[in-house]
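All of these numbers come straight from a predicted model, not from anything done at the bench.
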Amino acid sequence: MRNRLLNAAERLLVKQGVDAIRLDAVAAEANVSKGGLLYHFPSRQALVQGVVERLVDRFEAALPGPDAPPGAYTRAWLDASIPAEAPEGEATPSDSVPVALLAAANGPEVLDILRSRYRAWQRRLDDDGLPPGVATLVRMAVDGWWTARLLGLADPKGEDHRALRRLVTGLIDAGAPQEHGAHPTAPAPADRPRAARETESR
C-alpha cells in the first residue's frame, strides 16, 4: 500500500506539479480512502518526505559502489541524469520528477533530506579518481542541464544534445587514468554545440 500511494503521488507530481501533492488527491489517484492514506502517511509533509526519500534512493541505486574504476561514479551521474538522446520538440523530460523543487517547496526538514544525500554524493565524487574539481564541474553542469530540461529552459535538442553530452563525457575521459598509454583526444570542432560553433565563427 505504501508504494501504491507513493506511485500515485509521483504520477500527480509529473502530471500537475508540486501543488498537486495533496492528501485527498493522492488518495483518489491511488483509489484508496483518505483514512488508508493517513495510516501510512499521517500528514502531507510525511507523504512528501516519503516521495523525496524514494526518489533519491532510486537515483542512488543507479550509481556504482566504492570499488568502481576511476571516473565511473561521475559518468554514472551523467547517465542517470541525462539520456543519450533528446528528440527534437521534446519540451521537458516526460518522466522526470522535480525532486529538488518538491523538497525546496516543502520546508527545510524535507530539503535537508536532499542536502544530506548531496553531501554524501559529493564526497563520493571527490574520491572518484579524477583531477581535483573535474567531478564537481561535471556534477554542476549535469545538474544545471537536468534543471533546464525539466523546466524547458532552452535546453539543447537533437545533435546539439548529443554534442553537449560528448563534451561532458570528454571531461570525464580526459581526467580518468588511461590504459596502455592511450591519451584522450579533445572533441573535434563538429562535436561542440551549435551555439559555441557559431560564436567561434564570428
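Applying the side-chain contact (heavy atoms from CB on, under 4.5 Å) rule to R4 yields the partners M1, A30, N31, V32; only residues at least two apart in sequence or on another chain are considered. For N7, the side-chain contact (heavy atoms from CB on, under 4.5 Å) partners two or more places apart in sequence, or in a different chain, are R11, R54. With sequence neighbours excluded, no residue satisfies salt bridge (Lys or Arg N to Asp or Glu O under 4.0 Å) with D19. The salt bridge (Lys or Arg N to Asp or Glu O under 4.0 Å) search around D79 returns R165, not counting sequence neighbours. For I113, the side-chain contact (heavy atoms from CB on, under 4.5 Å) partners two or more places apart in sequence, or in a different chain, are Q49, V52, E53. Remark: D126 engages no residue in a salt bridge (Lys or Arg N to Asp or Glu O under 4.0 Å) (not counting sequence neighbours). When the ring-ring contact (aromatic ring centres under 6.0 Å, His included) test is applied to Y39, no partner is found at least two apart in sequence or on another chain. Judged as a ring-ring contact (aromatic ring centres under 6.0 Å, His included), and not counting sequence neighbours, the contacts of W121 are F59, W77, Y118. For A62, the side-chain contact (heavy atoms from CB on, under 4.5 Å) partners two or more places apart in sequence, or in a different chain, are A80. Shown here are the side-chain hydrogen bond (donor to acceptor under 3.5 Å, both in side chains) partners of R119, two or more places apart in sequence or in another chain: there are none.
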Only distances under 3.5 Å count here; give the side-chain donor-acceptor pairs of residues 130-142 to other protein atoms, sequence neighbours excluded, each with its distance to 0.1 Å.
unit_1	atom_1	unit_2	atom_2	d
T136	OG1	Q122	NE2	2.7
R139	NE	Q122	OE1	2.7
R139	NH1	D143	OD2	3.2
R139	NH2	Q122	OE1	3.4

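Between A46 and P42, the shortest heavy-atom contact is CB-CD, 4.0 Å. Heavy atoms only, all atoms of each residue included: S81 and W146 are closest at O-CD1, 3.2 Å. When all heavy atoms of A27 and L37 are compared, the pair lying nearest together is N-CD1, 3.6 Å. Contact detail for A25 and A20: the closest heavy-atom pair is CB-O, 3.8 Å. Closest of all the heavy-atom pairs between A9 and V51 is CB-CG2, 3.7 Å. Between V18 and R44, the closest heavy-atom pair is O-NH2, 3.6 Å.
Residue T74 holds its OG1 atom at 10.0 Å from CG of L63, rounded to the nearest 0.5 Å. If you take CD on E10 and CG on L55, they are separated by 4.5 Å, rounding to the nearest 0.5 Å. The distance from the OG atom of S43 to the CG atom of L23 is 7.5 Å, given to the nearest 0.5 Å. Taken from CG in D155 to NE2 in H161, the straight-line distance is 9.0 Å, to the nearest 0.5 Å. Put simply, CG on L78 and OG1 on T169 are 5.0 Å apart, with the number rounded to the nearest 0.5 Å.
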Subject >> side-chain contact (heavy atoms from CB on, under 4.5 Å) assessment of L6 paired with F41 >> reply: CA-CA 10 Å; L6 292 175; F41 301 103; 3.6 Å; yes
**OP:** Go through the steps for L5 and E29 under the test side-chain contact (heavy atoms from CB on, under 4.5 Å), then give the verdict.
**Re:** CA-CA 8 Å; L5 291 165; E29 178 72 17; over 6 Å; no
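Pairs passing the salt bridge (charged side-chain N to carboxylate O under 4.0 Å, His left out) check and including a residue from residues 59-74, sequence neighbours excluded, read E60-R117.
Using a 4.5 Å heavy-atom cutoff, the side chains of P83 and R149 are in contact.
Under the 4.0 Å criterion applied to side-chain N and carboxylate O atoms, D128 and R124 are assigned as salt-bridge partners.
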